[in-house]
Amino acid sequence: MISTTTSAQVKSPQLKLDSLLKVNENHVKQDSVKLVILKEVYYQYMRMKNFEKAEEFVDKSIFLARKLNLRRFEAQAYYKLGMFYHGFTNFQKAEENYKNAIEAYTIIDDLDWVAGTYLNLGALYVGVPYYVRALDANQKAIAIYLKNGNEIDLASCYANISDIYMDLGQQDNALNYLQKALKIFIKEDPNDRGVAVVYHSIGQAYFTASNEELKKMGAKPSQRNALAIENYNRSLKVAQANDDQSVIGPLNKDFGNVYESMGERDLALKAYQKANEINSKADHKDDYANSLLALANFYEKDKEYSKAENLLVEALKIGKQNNLLNVQRDAYLNLSSIDEKQGNFNQSLTNYKQYIVVKDQIFNQEKEKEIIRRQLQIDFGVKEKDYQLKQQLTNVELQRQVLLAKQQQQELAFSNQEKTLQRLTFLKKQADLENEKKSQTNLLKQQQLKAQLDKEIKDKQIDLQRTELKFNRNVNLTLGILASILLGSGMFVYYTQRKTAKLNRIVSDQKVELEKLGKVKDRIFSVVSHDMRTPVNSLISFIQLLEDGDINQEELTKYAGHLKTTLGYTSSMMENLLNWASSQMQGFKPIIEKFDVQLCAQEVVNSLHATAAQKNITIVNEIKSGSICLADMNMTSLVLRNLISNAIKFTAKNETIKLSSMSVNNMISIAVIDNGVGLLKNQVENFNNSGYQEIGKSKLGTNKEKGTGIGLVLCQTFTTLMKGSLHVESEENKGSVFTLSLPKAS
């Protein structure tokens, strides 16, 4: 059981960083171990969002990787830095590092990582948007995934391509790709983040589609809002299960759009405001900018122009900082509209011209031709592999012509207004020039008088400077001699102090290490002295009875069974105690390897079958086969054995204990579920504290079983060594769920 008397301190991110930097400083040898240390350092700087230091240690890692010809470390460093900047919408640096990662992975012929980096690069370009580059990156990723049979990442490519069709107004084609992606994601895991993202995109496709596109999608215009909300709710359900704020924020913005189109303005306003609240805290600035635009458009319709203009200015700033062309385009257009409604025609004209410039950058003829060519290439390659991607290229050309015609009509309608505004601007500028001419004449006279005064002052200053120059030469010579003397003295003092400080650090480090070893020794002696006496005394008494010979067979069987139980408890205690003590004295080094968690767990269940059978408890292993993790198999077995033993101990007779698994992001979570006596609230809080390392007092089980008191401490220690996590959810008298999370093998 968990001790409620004391709790360990949690290491802050800065303390962890300081520890890593200390390790890096002490390890002077330039080898593969140094590369691993450097990787952990720049990982920690990225977690702390320190861009400058993250880049510094990435560069050090790349330099050493090239020197040692360990190019995989170089590729990993570029890829991680690209993802880091991608998350903060710094598209230029993210693109640069992704390209470097692709080059490095290509050199070591790791096609899976090449394709994965192209996939991320394609998603990056969709967000800018650079449609041609996005299609090109996804095309390269698709070719590799089809060759390797990697369906889950192929689905991500489909989702990226659907975003391009959505931007082009081809919701029917977008829906086709989304349905293919959804089928693959659900097959892999119904609660995967990809399921939430695809349902969200399907809802957007229905809501933004034209009536003609809706017919192609097999829906009626009257069904638009209902279909959008249905798919948004499906997305929200999965996103909330994963607590994925990056999906929940944009979803609220789109809920607001639907409610506004239905006339539910109160619901729409709440949804927009909630979207802004969530997206403002997120790292994806494009989502925040789009939610600002949506709320600004809402305020504009309610004629609250001041609120709308403030939101648009903020959105435009984000768009310029992160090169978000779509955001800039929409912000300029809305600002132009608000200025026109308020009578600010000059500013309205300026903003509209900026809108045209940004719009031309996105939709120019050369890019559209390149898009069509890329679509043909992708369709041909995918159809060869039985992944038929239906395209209506003639419709694309027709829609482009209609779009150009509408644009020409808008430009024609705008030309008359522009002429009127230009005339007003000309008259205003003419009056301004006349006023400026008068001001310049007066200013010229003032400057002539000032120049004459300045000349007299400067002449006097030159004379003074000549005198000072002679004096300064003598002073500088004297100071130079004194500085040389002081510098020599300072260097001598500096080197003396540095040598003393170094000796002090060595003594301090040795003192801390001895204190740690002393604490481990004290803990071992305290547990051994307390729990070893009873079984040893029982064994001595039993031997004395045997020597006296006055004991019948029934008593002999009874005492032997009791002694077996006592010695079994003592053996378990000693195994856990020695393992824990070795880990505290840095005697345990995890051997990280790939293995199937389901097989590992089954071996543990088989070994505990006899123990469970004594209480008629059934252990059900529902862990998915093929759940491959990256950890130490022996340590994992020990952790699971302690967790399942605890569950058996505190579960009543004739009950069931379940084992289940779930894949979340890059981790595999294994849950041990029982309906036993459960834990107190403060016990749960102490255990879930990541610094929990205290040996507790064990309680008796439901069948009076004893415990070692250190099993859960050992579980926490080994889980931390394997870069995993262990936490518990429990309620008194209702059972417990212990969840072990380990890194997932790529």
Side-chain angles (χ1 to χ4, degrees), residues 1-2 527 531-532 534-536 538-539 542 557-580 596-623 633-661 670-679 683 687 695-719 726 728 730 733-740:
M1 293 295 293
I2 303 172
V527 173
D531 288 342
M532 283 292 290
T534 299
V536 171
S538 296
L539 183 59
F542 183 68
T557 304
K558 178 182 177 182
Y559 290 148
H562 176 72
L563 184 60
K564 179 182 178 182
T565 302
T566 304
L567 291 176
Y569 152 73
T570 305
S571 175
S572 176
M573 179 199 70
M574 290 304 297
E575 180 184 359
N576 282 340
L577 184 61
L578 291 173
N579 284 331
W580 175 80
D596 192 327
V597 179
Q598 195 270 345
L599 296 178
C600 178
Q602 190 58 47
E603 289 182 3
V604 176
V605 171
N606 293 339
S607 69
L608 295 173
H609 178 74
T611 305
Q614 293 176 3
K615 298 174 75 175
N616 198 22
I617 291 175
T618 302
I619 304 176
V620 180
N621 184 2
E622 297 179 350
I623 297 176
M633 187 172 179
N634 291 329
M635 286 187 178
T636 304
S637 295
L638 190 145
V639 172
L640 290 175
R641 183 161 62 252
N642 274 282
L643 295 179
I644 298 172
S645 295
N646 265 9
I648 295 172
K649 176 181 174 183
F650 296 106
T651 300
K653 294 181 178 180
N654 303 317
E655 295 291 346
T656 301
I657 297 171
K658 291 184 179 181
L659 276 68
S660 65
S661 67
I670 303 102
V672 179
I673 307 166
D674 66 67
N675 54 0
V677 298
L679 302 174
Q683 291 177 320
F687 183 78
I695 297 176
K697 294 182 179 179
S698 175
K699 288 176 60 178
L700 295 178
T702 58
N703 204 22
K704 307 300 182 181
E705 306 100 313
K706 285 187 176 183
T708 64
I710 64 170
L712 292 179
V713 176
L714 185 62
C715 290
Q716 283 282 26
T717 300
F718 279 5
T719 302
L726 179 63
V728 62
S730 181
N733 297 324
K734 290 187 178 180
S736 304
V737 179
F738 282 84
T739 302
L740 171 65

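When a residue number appears, it is its place in the shown sequence, counting from 1. Note that the structure is a prediction, hence the values are computed from the model and not measured.
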Heavy-atom side-chain proximity of [X] to [Y] below 4.5 angstrom:
X      : Y      : result
Thr719 : Val639 : yes
Val728 : Leu679 : yes
Asp674 : Glu655 : no
Asn646 : Leu712 : yes
Gln602 : Val605 : yes
Leu714 : Leu638 : yes
Ile623 : Ser660 : no

Euclidean distance, [Y] [atom2] relative to [X] [atom1], rounded to 0.5 Å:
X      : Y      : atom1 : atom2 : value
Leu740 : Phe718 : CG    : CZ    : 13.0 Å
Ile644 : Ile657 : CD1   : CD1   : 8.0 Å
Asn733 : Asn675 : CG    : CG    : 11.5 Å
Leu640 : Glu603 : CG    : CD    : 11.0 Å
Phe687 : Ser736 : CZ    : OG    : 10.0 Å
Ile670 : Glu622 : CD1   : CD    : 14.0 Å

Is Ser730 reaching over with its side chain to a backbone N or O of Gly735, donor-acceptor style, under 3.5 angstrom?
yes
* Asked: Does Lys615 reach the main-chain N or O of Ile648 with its side chain, forming a donor-acceptor pair under 3.5 Å?
  ->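 Yes; judged by distance alone, with no hydrogens or angles, the pair exists.
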| task | Could you walk me through whether Lys649 and Thr611 pass side-chain hydrogen bond (donor to acceptor under 3.5 Å, both in side chains), step by step? | result | CA-CA 9 Å; Lys649 176 181 174 183; Thr611 305; over 6 Å; no
Minimum heavy-atom distance [X]-[Y], with the two atoms named:
X      : Y      : result
Gly711 : Asn642 : CA-OD1, 3.4 Å
Val604 : Arg641 : CG1-CA, 3.5 Å
Cys715 : Leu726 : CB-CD2, 3.6 Å

- Assess whether atom NZ of Lys658 is packed by more than 12 heavy atoms of other residues, nucleotides or ligands within 6.0 Å. no
